[in-house]
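Fair warning: this is a prediction, and the values are worked out from it, not measured in the lab.
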Amino acid sequence: MVMSYNTLVAPKGVAGSITDWVGYGKISVQADTILTEVQALIYQALRVREMRSQYVFGVPVGNCRVALPARFLDPIGKLRDTTFGGRYRHLTESDVTDRRYYQPVSGGSFGNNPFTTGTLNSGQVAAVLAAHGLTQGSDITIAGATSPIDGVGVNGTFLLTDASDPNALAFLTYDNATVGGVNGGGAAATWSANKLIAGTPTCWAIWDEYLQFDQAFDTATQFRLMCFKAPAPLSTLNPTNFLTTRYPQLLRVATQLWAASFMKDDNEKQKSASDLGALIQATNAESDLMYRGAELDTDTP
C-alpha cells in the first residue's frame, strides 16, 4: 500500500494509519496534529537531495535585507550576486551589525496625522514623510505625536522596515494594533534618524527570518543562493511527497517516538529516539552519495 496523508490520518483498524501503527486508539482524533509534528521533527535533521533548492532574489536600492523563502531551513555554500559577480561573506549576526555604519539625520516635522497602524496584532506602522532620504535598517526617533494610536505607541526610536517610497516609510514598534488600519498622530510629530549608510555590502547573516546585509544597497542587485527547504506539509491537497514514497520508515519511527512520549513510556521513547536518530543519519549519508564522482572545488575565505 502506498503511504499517503489520507491513510496516515485514518482511524485505528485501517492498515497504514498512524493509530494502527501505535495501537493506541485515543490518539486517533489527533492524527493530523501528530503528522504535522512528526514532519517538523524529521525536517529538523533530515537533509536529502529532494530538499535542495535555489533561492533567486533581488535587493532594491536602499534595502539591506530580504525575506527568507517559505520553509527555508539552511543555506548551502557561498552567496554570490548575478549582477556583478560579487562574493559575500557569511558571518554571525553580531559581526554583520558591527559592520553597519550610520549617519545622523537632524530630521524635521511630519504632516498632520501621518501614521497608520498595520493589520490587527501587528506592530508595523506606516508614515507619510516627504523626501525623507532614509534607507531600510535605519532607526527613526519620533517625538510629539498624539500617542498611542490604535494601542500602538509611536513616540520613541524604531527600526525602519521599509523606506523604498521616497515619500513614505514603515517602522516596527513594540506594541500590537488592537484594530488595524487606524490613522492618527496629530499635527506636532517631529523626527530625527540614524541613516544606515548605503554602499556595496560585503557580508550577510540571518535573523528575524530575513537574510540581512551589512549595508543598504546603493545599486539594485540580483542573487542566487542554494539552500535546504522543507517540502510542503502533507495534506488532503498534497497527499504524498518524497517522505511517503522514498522514506516511509522515517514517518513510522518518528510517529512511534511521538506516541511513546504521549503515553509517557520512557523506555519506548528512548528506543524510538535512538532508532530515529540512526535512521536519519543513515539517510543523510545515503543522500550524499549524489556527489559520487563529482569534482570538488575548494573555496577558501
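- Counting heavy atoms from C-beta on, the side chains of Ser287 and Met51 never come closer than 4.5 Å.
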What verdict does the side-chain contact (heavy atoms from CB on, under 4.5 Å) test give for Tyr55 and Phe72, after you've listed the backbone C-alpha separation in whole Å, the side-chain angles of each residue and the deciding distance to 0.1 Å? CA-CA 9 Å; Tyr55 180 34; Phe72 176 90; 5.6 Å; no
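- Residues Val66 and Gly58 approach most closely at CG2-O, 4.3 Å, considering heavy atoms.
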Dump the intermediate steps for side-chain contact (heavy atoms from CB on, under 4.5 Å) on Leu211 and Leu225, then the final yes or no. CA-CA 11 Å; Leu211 192 155; Leu225 175 67; 3.9 Å; yes
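- Tyr101 is not connected to Leu134 by any chain of hydrophobic side-chain contacts under 4.5 Å among Ile, Leu, Val, Met, Phe, Trp and Tyr, and they are in different clusters.
- Contact annotation: the side chain of Trp204 approaches that of Pro75 to within less than 4.5 Å [non-hydrogen atoms, C-beta and beyond].
- For the pair Asn113 (side chain) and Asn183 (backbone), a donor-acceptor distance under 3.5 Å is absent.
- Taken from CD in Glu93 to CD in Gln212, the straight-line distance is 9.5 Å, to the nearest 0.5 Å.
- At distances below 3.5 Å, not a single donor-acceptor pair connects side-chain atoms of His90 with backbone N or O atoms of Gly77.
- Across all non-hydrogen atoms, the minimal contact from Asn112 to Ala187 is OD1-CB, 3.3 Å.
- In this structure, the side chain of Ser4 does not engage the main chain of Pro239 through any donor-acceptor pair within 3.5 Å.
- Ala127 and Phe110 make their closest contact through CB-CE2, 4.1 Å (heavy atoms, listed as atom of the first residue, atom of the second, distance).
- Arg71 contributes a side-chain N or O that, together with a main-chain N or O of Ala230, makes up a donor-acceptor pair within less than 3.5 Å.
- Using a 4.5 Å heavy-atom cutoff, the side chains of Leu196 and Tyr102 are in contact.
- Judged as a ring pair (Phe, Tyr, Trp, His ring centres under 6.0 Å), and not counting sequence neighbours, the contacts of Phe158 are Phe171, Tyr174.
- Here the side chain of Gln222 pairs no donor or acceptor atom with the backbone of Thr83 at under 3.5 angstrom.
- To the nearest 0.5 Å, the span separating OG1 on Thr116 from CG on Asp150 amounts to 10.0 Å.
- The backbone N or O of Val59 sits nowhere less than 3.5 Å from a side-chain atom of Thr221 that would complete a donor-acceptor pair.
- Within the 4.5 Å cutoff, side-chain heavy atoms of Tyr247 are placed close to those of Val48.
- Between the side chain of Ser261 and the backbone N or O of Leu257, no donor-acceptor pair lies under 3.5 Å.
- Contact check for Arg49 versus Phe242: no side-chain heavy atoms found under the 4.5 Å cut-off.
- Cluster membership check: Leu120 does not share its hydrophobic cluster with Val182, using side-chain heavy-atom separations under 4.5 Å among Ile, Leu, Val, Met, Phe, Trp and Tyr.
- Looking only at distances, no side-chain donor or acceptor of Arg52 sits under 3.5 Å from a matching main-chain atom of Arg47.
- Residue-environment remark: CD (Gln249) exceeds the threshold of 12 foreign heavy atoms within 6.0 Å.
- Between Leu160 atom CG and Gln136 atom CD the span is 8.5 Å, to the nearest 0.5 Å.
- For the pair Ser274 (side chain) and Gln270 (backbone), a donor-acceptor distance under 3.5 Å is absent.
- Considering Leu41, Val253, Val38 in turn, Val38 is the only one that fulfils the side chain to side chain contact (heavy atoms under 4.5 Å, CB included) rule with Trp258.
- Counting heavy atoms from C-beta on, the side chains of Arg65 and Thr161 come closer than 4.5 Å.
- Considering CG of Asp265 and CD of Gln256, their distance stands at 11.5 Å, rounded to 0.5 Å.
- To the nearest 0.5 Å, atoms CG (Asn194) and CG (Leu159) are separated by 11.5 Å.
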Between Leu46 and Leu243, is the side-chain contact (heavy atoms from CB on, under 4.5 Å) condition met? List the steps. CA-CA 10 Å; Leu46 187 68; Leu243 204 58; 4.1 Å; yes
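- At a threshold of 4.5 Å between side-chain heavy atoms, the hydrophobic network of Ile, Leu, Val, Met, Phe, Trp and Tyr places Leu79 and Val96 in two separate groups.
- For Tyr43 and Phe228, the distance between ring centers is not under 6.0 angstrom.
- Of all the heavy atoms in Leu68 and Ile206, the pair that sits closest is CD1-CG2, 3.7 Å.
- Side chain to side chain, Asn63 and Ser164 fail the donor-acceptor criterion of an N or O pair below 3.5 Å.
- Transitive grouping of hydrophobic side chains (ILVMFWY, heavy atoms separated by less than 4.5 Å) brings Ile76 and Leu73 into a common cluster.
- Atom OG in Ser235 sits 9.5 Å away from atom CG in Asn241 (nearest 0.5 Å).
- Considering all non-hydrogen atoms of both residues, Gly118 and Ala177 come closest at O-CB, 4.1 Å.
- The two residues Cys203 and Arg99 make their nearest non-hydrogen contact at SG-CD, 3.5 Å.
- Using a 4.5 Å heavy-atom cutoff, the side chains of Phe84 and Thr200 are not in contact.
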Steps toward side-chain contact (heavy atoms from CB on, under 4.5 Å) verdict (Leu8, Leu234): CA-CA 10 Å; Leu8 288 166; Leu234 292 168; 4.2 Å; yes
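- The main-chain N or O of Met3 is never found under 3.5 Å from a side-chain atom of Thr7 such that the two would form a donor-acceptor pair.
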